[in-house]
Amino acid sequence: MTTLSERIDPIRPRIGEPDYGTPRSESDVTVTVTIDGTEHTVPEGTSIMRAAGEAGCSIPKLCATDSLQAFGSCRMCLVEVDGRRGTPASCTTPVEDGMVVRTQTPKLEKLRKGVMELYISDHPLDCLTCPANGDCELQDMAGVVGLRDVRYGQDGHSHLDALKDSSNPYFEFDGSKCIQCSRCVRACDEIQGTLALTVEGRGFNSVISPGGLNFLSSECVSCGACVQACPTATLVEKSVIDLGTPTRTVQTTCAYCGVGCTFNAELRGDELVRMVPAKTGGANEGHSCVKGRFAWGYASHKDRVTTPMIRESINDEWKVVSWDEAINYAATKLKDIQAQHGDNSIGGVTSSRCTNEEIFVVQKMIRAAFGNNNVDTCARVCHSPTGYGLKNAFGTAAGTQDFKSVAKTDVIMVIGANPTDAHPVFGSRMKKRIREGAKLIVVDPRKIDLVESAHIKADYHLQLQPGTNVAIVNALAHVIATEGLINEEFVSARCDTASFNQWRTFIELPENSPEVVEAQSGVPAELIREAARMFAAGPNSAIYYGLGVTEHSQGSTMVMGMANLAMATGNLGRDGVGVNPLRGQNNVQGACDMGSFPHELSGYRHVSDNSVREQFETLWDVKLLPDPGMRIPNMLDGALSGEFRAMFVHGEDIAQSDPNTKHVKAALSAMDLVIVQDLFLNETAAFAHVFFPGTSFLEKDGTFTNAERRINRVRPVMASRTGKQEWEIVSELATAMGYPMHYDNASQIMDEVASITPTFTGVSFEKLDREGSIQWPCNDANPQGTPIMHVETFIRGEGQFMETPFVPTDERSNRKFPLLLTTGRILSQYNVGAQTRRTANSTWHAEDVLEIHEADAQMRGIVDGQQVAITSRIGETLMKAHVTDRVPAGVVYTTFHHPLSGANVITTEFSDWATNCPEYKVTAVEIRPADSSVDSVSTLDDVLQRV
Amino acid sequence: MDVQKLVMMGKQIEKNIPDHGEAHVKIAAHLDSFWTPKMRADFWAYYNSNKDEFPGPLGVAIATLHSQAKA
Ligand code: SF4
Ligand code: SF4
Ligand code: SF4
Ligand code: FES
């Protein structure tokens, strides 16, 4: 029989970040307090617990953690304060100027030991075999208070018969270890905002409940906040149970969405045990979503290819070869094609999933070694209109705010974005602000979760017809202009008068009135008027938008329309306001910054600018072309007409992600050479002749830039499984083509970016490692970076108003295709699903489904769960129907995460007028039950054969 | 590239740039900024034999670019 102390010891040091017990106070006012005889100065509002922790006198605690508001339930943190009776809880008691506090006295020790005794008497005490052994705050605190015996015996209630809930694929709930501190419940409420957990029962009988049968069937979105908050092994990652507690940490950045969460990758030896969101992360401040927190297993998935491969024809088997052979094969072929078909016959695509350094090197290879500007990026198919619109209006192609800014917003307008699914950590910030009282206007054809969910209800949901964004933004601005709501002071001080006057004349035209727009958009005029008034009243109003804005034939117009709205109401240049693109992929901002567009060098400078081009020519010792190169659609069209023959596809799956799959596949098939660099043999690799295996984010060394222009470090958590970094491979390919390129490390690449890009001159790995992250512009004028842009003046000088006439898309519903299909994302999956489908995230979303309104379903004899055929003028595909009122009658919706359903089989060739960003959000379709004419078990290729 | 696609793109640009008498300048700048020289040249060649199809600022724009040796 072991003794109590043997069973709770030994305590190994915990890894991870310090926990000060309560959140940091944001007050600018300071107070001075004496703690255990030493004076400390802290911001007003700081708890005694935090002040003591910061002063190095940690106070024992159980129910407090610095990511949550203090709750004061465990009574472990009692202190003595001169002049006060009793022993107040240090977590709930703020310091006051002149306060004298004692944290360690015999009386306090006795009280704490007594409290701990009660906890331990009701705890299983199987510490030596517990998965959290060494990483358990209860264990730590028992040690800290010196508990060696339990007077009440150790056979308390202890819930030993409590059921374990293993339903969630990533974490387990073991009720027997629960100390009812409610940190999990509060984390779900305060941080995540899902409110999935409750405390059921009272006292020793109380239990934590996720509602429903178990975690998996509950409202839980598997963000992991409760697991992180839990001080015991009650909620614990299954990977910790399997692999043991981690022993070391490497800080890095999530490679999924544009929020760019910072994580501590916790390892045991060389094995990654878990990813824990970093409290020091500028974008996420300790929060995460199910993708970044748990869905990293794809990096070691069996499908991963780690050796280079080549083949003569796409009908041949792949042949595994050495790096040298693969690189020389690719270089020789590229040079041969250029010799035969001209310099312009080849090009490449950079990836928003890769690091800035990798992207910079790829576009450099294309411009310098390929000798043309045929470089484009997957931002083409998502946020290229953001670049175009914001650059025209404000002078730079980036969002105006940091994420924190939303905490100061009074009216949030979400347009064509679904933050709780696609940008979940930012979505949680937004929900927190809404729970605090901010108003919410949602502009979306679909009833997204923000329209109505736990403690959230949009004040206005402008449920417009797909394709009518511009009409709506014009109508909102019309109300503001015609009802005297323009912020004249801001406009005259900050904006170009001539463009404003011209815009005002345009926007006041009756064609932009809500009454006219009601007929176009289906949104009642009065709702538009009320929403416009609310937005203008602010005082701080902010626009957040996503691909529901950009992926339209008028995507760029809409971005300019939103910029007009923000300028007209004076909502730019300070906290709480702004025009904020929610970028899709982790590094889509960086891909654009690094010069991935065919017309721009890094820092958004046009290739025709002689002085800029000359700087690059001098640095790179090569002549650059002054004309824009081909965009992705031009390359694909060029392949079909025979003028474009070879493509280097870096980390993208254009055969799945780009519109009109049949066209893309035909174009890829027509090329003489396709080089794919990726983790997996993706859909595009089926058309490739050379495959360069890529590195996962866990192996990369570099930086990502998130949607708030924040440059975050990506550090190698493990060695590259291919033996090389991707920038090395690209450099070797360029060298083999006759343009020598060499870097010793990724840091040298960033130094080169900084040396030639005015917005990055202050950026270096050394500085990023020191500061954590930096938001560009970072240069002599802004050495610490720029959280909020356009504060005193716009980057372009005066803000530019642009007329934004509504031009309806040519893609209209008609008798043959009476429904409008629009697309989006789901929380658990990411883009084409290449990564998330190779993780347990498929538990939540194993296939794409088609959301259809009951009236439309009934009319077609479709029932929930039935397989249906979706036909557009481009193609046909199959999916299961989900009958729902999330979409209005006349509109259907699906995601695009699975190659089998292949939503892009049916999307069209229409695109944004300015940037050619595909019009994914509007496709006229018809739906019918899948019947004998379409075999419900057809593969995608079978379906393609028929269309 | 299929010239009909270029025509479609050009017309879409024309429809989206409001005309107060200066749209041809903006359209020309747009084509100069974002189209490859070959796209401009192919479009010019088509325009040159189908001028009636381009009565508005798009035609003026491509003609201007041609006169500047940019198409
Ligand atoms: S994982 Fe997240 S959503 Fe689920 S119960 Fe925990 S905090 Fe709530
Ligand atoms: S599950 Fe963990 S966090 Fe929740 S009440 Fe129990 S011990 Fe506390
Ligand atoms: S997917 Fe986005 S929100 Fe989720 S952890 Fe990664 S960066 Fe954060
Ligand atoms: S930590 Fe203060 S009461 Fe629990």
Side-chain angles (χ1 to χ4, degrees), chain A residues 342 344-345 347 372-374 384 388 391-392 470 498 502-503 505-506 553-558 560 597-600 606-609 625-631 633-644 663 802-810 909-916 919, chain B residues 1-50 52-71:
Chain A
N344 255 324
S345 59
N372 61 45
N373 288 323
N374 293 338
S384 48
Y388 182 89
K391 189 165 184 202
N392 273 313
V470 172
Q502 197 168 51
W503 173 80
T505 307
F506 156 77
S553 64
Q554 281 202 294
S556 294
T557 310
M558 181 60 184
M560 294 187 289
F597 287 127
H599 64 286
E600 275 172 349
H606 202 277
V607 290
S608 63
D609 184 328
L625 294 182
D627 287 300
M630 296 185 197
R631 296 171 172 177
N634 306 147
M635 294 184 213
L636 297 173
D637 291 342
L640 289 170
S641 63
E643 73 199 66
F644 187 81
H663 171 76
M802 310 285 288
E803 281 180 65
T804 54
F806 171 52
V807 179
T809 170
D810 289 332
E909 74 283 13
F910 289 149
S911 64
D912 173 45
W913 66 271
T915 64
N916 289 131
E919 191 178 39
Chain B
M1 261 182 87
D2 176 9
V3 76
Q4 282 309 325
K5 186 124 183 211
L6 295 176
V7 171
M8 185 180 105
M9 286 163 66
K11 288 184 175 172
Q12 198 190 358
I13 293 166
E14 185 182 41
K15 265 201 274 185
N16 277 278
I17 295 186
D19 190 10
H20 299 289
E22 83 307 5
H24 62 283
V25 179
K26 291 182 180 167
I27 295 170
H30 189 93
L31 301 184
D32 189 29
S33 287
F34 300 111
W35 283 26
T36 66
K38 183 163 190 315
M39 288 163 73
R40 296 193 298 256
D42 288 354
F43 185 52
W44 154 257
Y46 181 86
Y47 161 80
N48 201 29
S49 16
N50 299 275
D52 292 352
E53 233 187 274
F54 304 95
L58 176 61
V60 183
I62 194 67
T64 310
L65 285 173
H66 182 70
S67 69
Q68 296 166 352
K70 289 183 170 174

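Every chain is numbered from 1 and lettered A, B, ... according to where its sequence line falls, protein lines coming before strand lines.
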So B/Lys38 and A/Asn344, do their side chains get closer than 4.5 Å, heavy atoms only? no
Could you check whether B/Lys11 pairs with A/Asp810 (Lys NZ or Arg NE/NH1/NH2 to Asp/Glu carboxylate O, under 4.0 Å)? no
With a 4.5 angstrom heavy-atom cut-off, is it the side chain or the backbone of B/Ile17 that approaches chain A, or both, or neither? side chain
Which atoms of B/Lys70 come close to chain A, meaning under 4.5 Å heavy atom to heavy atom: side chain ones, backbone ones, both, or neither? neither
Where on A/Thr557 is there a heavy atom nearer than 4.5 Å to chain B: the side chain, the backbone, both, or neither? side chain
Is A/Gln502 close to chain B through its backbone or its side chain, or both, or neither, when contacts mean heavy atoms under 4.5 Å? side chain
Is it the side chain or the backbone of B/Lys5 that comes within 4.5 Å of chain A heavy atoms, both, or neither? side chain
So for A/Glu803, is it side chain, backbone, both, or neither that comes closer than 4.5 Å to the heavy atoms of chain B? both
Do NZ/NE/NH1/NH2 and the carboxylate oxygens of A/Asp627 and B/Arg40 come within less than 4.0 Å? yes
Can you check side chain to side chain contact (heavy atoms under 4.5 Å, CB included) on B/Asn16 and A/Gln554, steps first, answer last? CA-CA 8 Å; B/Asn16 277 278; A/Gln554 281 202 294; 2.8 Å; yes
So, for A/Val807 and B/Lys15, which heavy atoms are closest and what is the spacing to 0.1 Å? CG2-O, 3.6 Å
Which atom pair, heavy atoms only, marks the closest approach of A/Pro628 to B/Ser33? CG-O, 3.2 Å
Which of A/His599, A/Met630, A/Arg631 passes side-chain contact (heavy atoms from CB on, under 4.5 Å) with B/Thr36? It is A/Met630
Relative to chain B, which segment of A/Asp912 carries a heavy atom at a distance below 4.5 Å: side chain, backbone, both, or neither? backbone
For residues B/His30 and A/Trp913, establish whether the separation of their ring centroids is below 6.0 Å. yes
With a 4.5 angstrom heavy-atom cut-off, could you sort out which part of A/Ser553 is near chain B: side chain, backbone, both or neither? both
